[in-house]
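Just so we're on the same page: letters track the sequence lines, and every chain starts at 1.
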Amino acid sequence: MSISRPKGTNDFLPEDTAKWQYIENILRDLAASYGYEEIRTPIFEATELFLRGVGDTTDIVNKEMYTFEDKGKRSITLRPEGTAATARAYIEHKMHGLAQPVKLWYIGPMFRYERPQKGRFRQFHQFGLEAFGSQDPALDSEIISFAMAFYQKLGLTGLSVRLNSVGCAHCREEHKEKLQEFLRPVLNDLCSDCQTRFEKNPLRIFDCKNEKCNELIVKAPRILDCLCDDCKDHFEKVKTLLTAGNIPYHIDPCLVRGLDYYTKTAFEILLEDIGAQSAICGGGRYDGLIKDIGGNDNFGVGFALGLERVFGALAAQNIEIPTVPKCDVFLVSMGDKAKTALFPIAVSLRGMGIKTEIDFGGKSLKSQLKTADRLKAKIAIIMGEDELLRGEAILRDMADGEQSPIKAADILDEVIRRIKQ
RNA sequence: GUGGGUGUGGCGAAGCGGUUAACGCACCGGAUUGUGGCUCCGGCACUCGUGGGUUCAAAUCCCAUCACUCACCCCA
């Protein structure tokens with residue numbers, strides 16, 4: 001029996017990793033232009049961090065964490081998301097002492113034990129932005145702007161920003177009570193899912209797919225109507241900046257996020273064509289998080305995007321990622337002596353960044369040229385016994401098949417001249 | 001955790017009870033004793049996810065199991 005990879009994980013082969021690097025480079029460059037710097041935190045953390053950070057009522061914590069005990073009897077969890085760990089590092093390294101806001105980005109694998117489906121995996125990859133230490137709504141808008149700029153750079157279309165404010169702890173508590181009060185008389189008419197949501201997270205009832213629940217909830221009190229003056233003002237400013245920045249959005253009073261730490265701004269960007277998992281990124285403000293995990297009373301806002309879903313979106317919209325040729329020059333050798341003569345040339349060319357390939361296995365001339373063709377080599381240098389004796393080689397232009405003799409001593413210069421031009 | 005779909009060579013895919021398991025792509029070799037991309041010829045599955053069962057006979061029917069996949073829940 002052969003062993004295969006764990007369920008919900010992927011091997012990324014060379015044709016894939018080239019594309020990942022392309023996307024990662026765009027993200028790095030864009031993050032730099034927005035003034036964010038990279039942070040790298042461990043892939044596993046103390047379980048406690050996520051219990052307190054993500055929230056012990058969330059699905060992530062309740063049924064999706066990879067948790068185990070290490071040899072020192074510590075409870076360890078493979079990170080299911082990136083915000084809690086970034087906030088932990090902010091506290092641990094006393095970054096509140098730096099000029100605020102502190103703007104960070106991260107990229108890497110996250111782990112959630114779920115049934116895999118389209119756009120959802122047990123090991124998946126997120127890129128995220130986090131800005132700590134400021135309550136300025138401009139940061140909320142900046143983060144949404146970043147996400148849209150990234151997707152536009154890739155050429156994706158048909159994205160929609162869904163925006164909401166879930167208020168602060170006070171607004172939320174007030175709303176929850178009003179909502180429960182409103183729904184209590186009809187509780188038995190709700191679907192079984194919504195009956196459990198009623199206690200756990202009544203906001204979620206708003207986006208139940210059951211028709212009856214929809215009818216019952218239409219006239220229910222909305223979170224947006226329960227915002228305090230401070231939250232209301234914050235939300236208005238976020239919207240003003242988005243409009244000023246030409247970033248279209250639409251308010252979705254039903255938008256709720258599945259992680260407990262969100263306050264005020266909550267947003268998602270959706271793209272319908274990638275399947276049921278249509279949220280291509282999500283984020284918002286989390287002003288209570290730093291304190292929840294042991295820091296000072298502080299502010300934060302951020303978002304995370306799923307790289308696998310980016311690829312899904314590109315595939316759905318038939319957007320090709322540009323590829324770079326794998327080989328510039330192929331050194332064709334016939335016989336060990338020619339190979340030995342060509343080998344140092346390969347070393348030199350490669351040292352100068354010219355992609356150079358040589359024969360392995362003593363294949364026929366025909367077969368070597370075939371390989372050169374497949375690799376899309378621009379030129380081939382051919383050397384056999386005859387050329388070797390004359391101190392020459394043949395330079396073949398692979399595009400038009402034109403050949404000319406070249407002195408062995410001139411090969412390096414000539415190849416460099418042709419490739420660099 | 002619940003439900004649906006699928007499982008034939010490296011990939012795509014026919015066959016759906018009866019002699020040696022189509023075909024396409026890819027790959028390897030030859031036509032051209034030292035020259036690619038086109039063409040032609042040849043090669044490439046003791047075997048149909050795995051284990052049982054039914055039958056004179058199973059890739060084809062039944063059961064189990066595993067894997068993949070899509071959807072619910074939830075999220076990136």
Side-chain angles (χ1 to χ4, degrees), chain A residues 1-10 13 15 54 57-64 79-83 107-128 147 191-194 196-197 200-201 204 207-210 255-259 262 267-271 274-283 302-313 327 330 332-335 338 361 363-388 393-403:
Chain A
M1 267 300 277
S2 58
I3 298 170
S4 53
R5 63 182 191 274
K7 195 185 191 74
T9 64
N10 286 109
L13 306 179
E15 57 182 307
V54 177
T57 65
T58 62
D59 277 10
I60 292 180
V61 167
N62 281 312
K63 48 185 208 189
E64 298 174 0
R79 63 181 185 193
E81 57 92 60
T83 301
I107 190 167
M110 305 294 164
F111 306 85
R112 268 128 86 159
Y113 188 87
E114 300 183 88
R115 265 308 261 289
Q117 71 184 68
K118 191 170 191 181
R120 194 169 74 186
F121 306 93
R122 288 185 176 178
Q123 174 174 334
F124 61 103
H125 299 77
Q126 285 189 335
F127 169 92
C191 71
S192 58
D193 282 340
C194 283
T196 54
R197 287 174 179 136
K200 217 177 82 181
N201 193 348
R204 277 237 103 84
D207 60 16
C208 180
K209 292 181 179 70
N210 187 300
L255 175 65
V256 193
R257 317 242 52 247
L259 294 80
Y262 286 107
F267 78 94
E268 276 180 5
I269 296 178
L270 303 185
L271 214 189
I274 59 172
Q277 310 306 313
S278 60
I280 201 167
C281 74
F303 96 108
L305 64 84
L307 276 308
E308 282 84 355
R309 289 185 188 176
V310 170
F311 286 106
C327 176
F330 196 100
V332 177
S333 58
M334 282 162 295
K363 297 206 185 68
S364 68
L365 169 59
K366 181 191 176 80
S367 160
Q368 289 188 53
L369 281 172
K370 205 168 184 171
T371 306
D373 184 52
R374 258 204 294 268
L375 293 173
K376 302 238 169 14
K378 295 181 195 70
I379 54 185
I381 298 293
I382 302 169
M383 190 185 271
E385 296 287 325
D386 301 350
E387 290 78 12
L388 193 60
I394 296 167
L395 189 154
R396 181 182 179 86
D397 186 310
M398 292 300 287
D400 56 20
E402 242 174 76
Q403 300 195 160

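In this structure, A/Ile379 places its CD1 atom 15 Å from C1' of B/G36, rounding to the nearest Å. One atom, CD of A/Gln126, and another, C1' of B/A76, lie 5 Å apart when rounded to the nearest Å. Taking atom CZ on A/Phe111 and atom C1' on B/A76, their separation rounds to 14 Å, with Å as the unit. If you take CD1 of A/Ile382 and P of B/G36, they are 10 Å apart, rounded to a whole angstrom. Distance, A/Leu307 CG to B/A76 P: 14 Å, rounded to whole Å. A/Asn10 places its CG atom 10 Å from the P atom of B/C68, with the value rounded to the nearest Å. The distance between atom CD of A/Glu15 and atom C1' of B/G10, rounded to the nearest whole Å, is 12 Å. Note: CZ (A/Phe330) to C1' (B/U35) measures 13 Å, nearest angstrom.
In this structure, A/Gly119 reaches the bases: a heavy-atom distance under 4.0 Å links it to at least one base atom across the strands shown. In this structure, A/Ala372 reaches neither bases nor backbone, as no heavy-atom distance under 4.0 Å exists between it and the strands shown.
In this structure, the side chains of A/Arg120 and A/Glu308 stay at 4.5 Å or more apart for every pair of heavy atoms. With contacts defined as side-chain heavy-atom distances shorter than 4.5 Å, the pair A/Leu307/A/Ile107 qualifies. Using a 4.5 Å cut-off on side-chain heavy atoms (C-beta onward), A/Arg79 and A/Pro109 make contact.
Rounded to whole Å, the P atom of B/U2 lies 42 Å from the corresponding atom of B/A45. Spacing between B/A59 and B/A21 at atom P, rounded to whole Å, works out to 10 Å. Across the P atoms, B/C56 and B/C23 are found 33 Å apart, a figure rounded to whole Å. Separation of the P atoms belonging to B/U32 and B/G37 is 15 Å when rounded to the nearest angstrom. B/A58 and B/G17 are spaced 14 Å apart, taking the P atom of each and rounding to whole Å. Separation of the P atoms belonging to B/G34 and B/U39 is 23 Å when rounded to the nearest angstrom.
For B/A71, the OP1/OP2 oxygens have a side-chain nitrogen or oxygen of A/Gln117 closer than 4.0 Å. Residue A/Arg374 places at least one side-chain N or O under 4.0 Å from the OP1 or OP2 atom of B/C27. Remark: A/Arg115 is not in phosphate contact with B/U69, judged by side-chain N or O atoms under 4.0 Å from OP1 or OP2.
In this structure, the nucleotide among B/A71, B/C73, B/G36 sitting nearest to the side chain of A/Met398 is B/G36. The side chain of A/Ala304 sits closest to B/A76 out of B/A76, B/G34, B/C74. Listed nucleotides: B/G29, B/G36, B/C68. Nearest to the side chain of A/Lys7: B/C68. Considering only the side chain of A/Gln277, B/C74 comes nearest among B/C74, B/G37, B/A76. Taking every side-chain heavy atom of A/Lys366 into account, B/A31 is the closest of B/A76, B/G29, B/A31.
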Under 3.5 Å, sequence neighbours excluded: what are the donor-acceptor pairs made by side chains of residues 375-387 of chain A?
unit_1, atom_1, unit_2, atom_2, d
A/Lys378, NZ, A/Asp328, OD1, 2.8
A/Glu387, OE1, A/Gly384, N, 2.9

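In this model, a side-chain donor or acceptor of A/Glu114 finds a partner on the base of B/A76 within 3.5 Å. Applying the 3.5 Å distance criterion, the base of B/U35 shares a donor-acceptor pair with the side chain of A/Gln403. At a cut-off of 3.5 angstrom, the base of B/G34 holds at least one donor-acceptor pair with the side chain of A/Glu387.
Looking at every heavy atom in both residues, A/Glu268 comes nearest to A/Leu255 through CD-CD1, 3.5 Å. Here the shortest heavy-atom pairing between A/Gly8 and A/Phe121 reads O-CB, 3.2 Å.
In RNA chain B, runs of at least 3 stacked Watson-Crick or G-U pairs (N1-N3 plus N6-O4 or O6-N4, or N1-O2 plus O6-N3, all under 3.5 Å) give these stems: B:1-7 with B:66-72, B:10-12 with B:23-25, B:27-31 with B:39-43, B:49-53 with B:61-65.
A donor-acceptor pair under 3.5 Å is formed between the side chain of A/Gln368 and the backbone N or O of A/Lys363. Judged by distance alone, with hydrogens and angles left aside, the side-chain atoms of A/Arg122 form no donor-acceptor pair with the main-chain N or O of A/Phe111 at under 3.5 Å.
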